[in-house]
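Report on the following structure.
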Amino acid sequence: MVQITPRGTHRIIELEGELNASSARTLKALIQELLEAGPAQVVVDLGRVSFIDSSGLGALVSALKRTRLAGGSLALAALREEARLIFELTMAYRIFDMYDSVEAAMAAPGA
Amino acid sequence: MNAAIAIQIPARLEYLGVLRGAVHALAQVYPAAQRPGDERLRAWALAIHEAAANIVAHGGGGPIRLKIEPQADRVVFWLEDEGPPNPLPELVPDALDEHGRGLQLIRMLMDELHYVREGAHNQLQLAARLS
């Protein structure tokens, strides 16, 4: 359901299914573990996430804050139409760097 | 008008997709001229999900019942559970808060929201206009 793949200097977090209160806990633990090894350039691949609720969004915001605090970066990639609504309603798209694909996120300056 | 839909699920996160599915099924209930679009159905499904997730987080573990009444000009949703009293807080989080957005979302997505304690039950009534 959640997987980390190193690609070059980036760490790609692949999520699948729903990002809700349950998977949010998993994501937070994963980010914690990842950052213990030092600053990281993280790309969260949302291409297989069909639904995100407020807890899921909260976990992404938490991941963003923790990654930046540790001196790294975090970008979101491949957000699907079905899961877009919560970003628009909360205007969360303003605080995230969002890209159409993982490749685009990795190629972005500063990502 | 159309008959009401009623379903019951265990108060567990993995069942909330069933509630969202019931909301999306409203597309089949209305005649083409009144049929709510995908965006609207997603909005209602998110609101019902957030309300039910709040029940899971605060509830007593009993079942959650959802009744949906498709009316001519609006849809009314009732969510009922047997947990301890769970009135709606008035918190408004900012963009960088990690918690408390659920209720804010429900208020944005629904035209009406009422909470009542009925005996040993919490009842949340949500309503949205069709147009």
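Proteins come first, then strands; the chains are lettered A, B, ... in the order of their sequence lines, and each starts at number 1. Predicted, not measured: the structure shown is a model, and the values here were computed from it. Atom set for the values below is all heavy atoms of this structure, side chains included, hydrogens, waters and symmetry mates excluded.
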Residues of residues 114-128 of chain B with a heavy atom under 4.5 Å from any heavy atom of chain A, in residue-number order, are none
My understanding is that only residues two or more places apart in sequence, or in another chain, count here; which of them pass side-chain contact (heavy atoms from CB on, under 4.5 Å) with A/Pro39?
none
Using heavy-atom distances under 4.5 Å, tell me whether B/Ala57 contacts chain A through its side chain, its backbone, both, or neither.
neither
Check for me, please, whether B/Ile5 and B/Val23 land in the same ILVMFWY cluster - side-chain distances under 4.5 Å, paths through other members count.
yes
Can B/Trp78 be reached from B/Met110 by stepping across I, L, V, M, F, W or Y side chains whose heavy atoms are under 4.5 Å apart?
no
Does this structure show an ion pair linking A/Glu18 with B/Arg20, if we count only N-O contacts that are shorter than 4.0 Å?
yes
Has A/Asp100 got more than 12 heavy atoms of other residues, nucleotides or ligands less than 6.0 Å from its CG?
no
Donor-acceptor under 3.5 Å (B/Glu50 side chain, A/Ser54 main chain)
yes
Is there a continuous path of hydrophobic side-chain contacts, each under 4.5 Å between heavy atoms, that joins B/Leu113 to B/Ile64?
yes
Report which part of A/Leu60 has an atom under 4.5 Å of a heavy atom belonging to chain B: side chain, backbone, both, or neither.
neither
If you count the non-hydrogen atoms of other residues, nucleotides and ligands that lie under 6.0 Å from CD in A/Glu88, is the total more than 12?
yes
If a pair satisfies side chain to side chain donor-acceptor pair (under 3.5 Å) and one of its residues is in residues 38-48 of chain B, list it, with sequence neighbours excluded.
none
By salt bridge (charged side-chain N to carboxylate O under 4.0 Å, His left out), which residues pair with A/Arg25, not counting sequence neighbours?
none
Go through the atoms of B/Leu16 and report whether side chain, backbone, both or neither lie under 4.5 Å from a heavy atom of chain A.
neither
For B/Leu105, the option from A/Asp53, A/Leu85, A/Ile86, A/Leu57 that meets side chain to side chain contact (heavy atoms under 4.5 Å, CB included):
A/Ile86
What one should report as the nearest heavy-atom pair of B/Leu13 and A/Ala21 is CD1-CB, 3.6 Å
When clusters are formed by joining ILVMFWY residues with side-chain heavy atoms under 4.5 Å apart, either directly or through shared neighbours, do A/Leu35 and A/Leu69 land in the same one?
no
Determine whether more than 12 heavy atoms belonging to other residues, nucleotides or ligands lie under 6.0 Å from atom CZ of B/Arg129.
no
Could you state the interatomic distance from OG1 (A/Thr90) to CD (B/Gln104), rounded to the nearest 0.5 Å?
8.0 Å
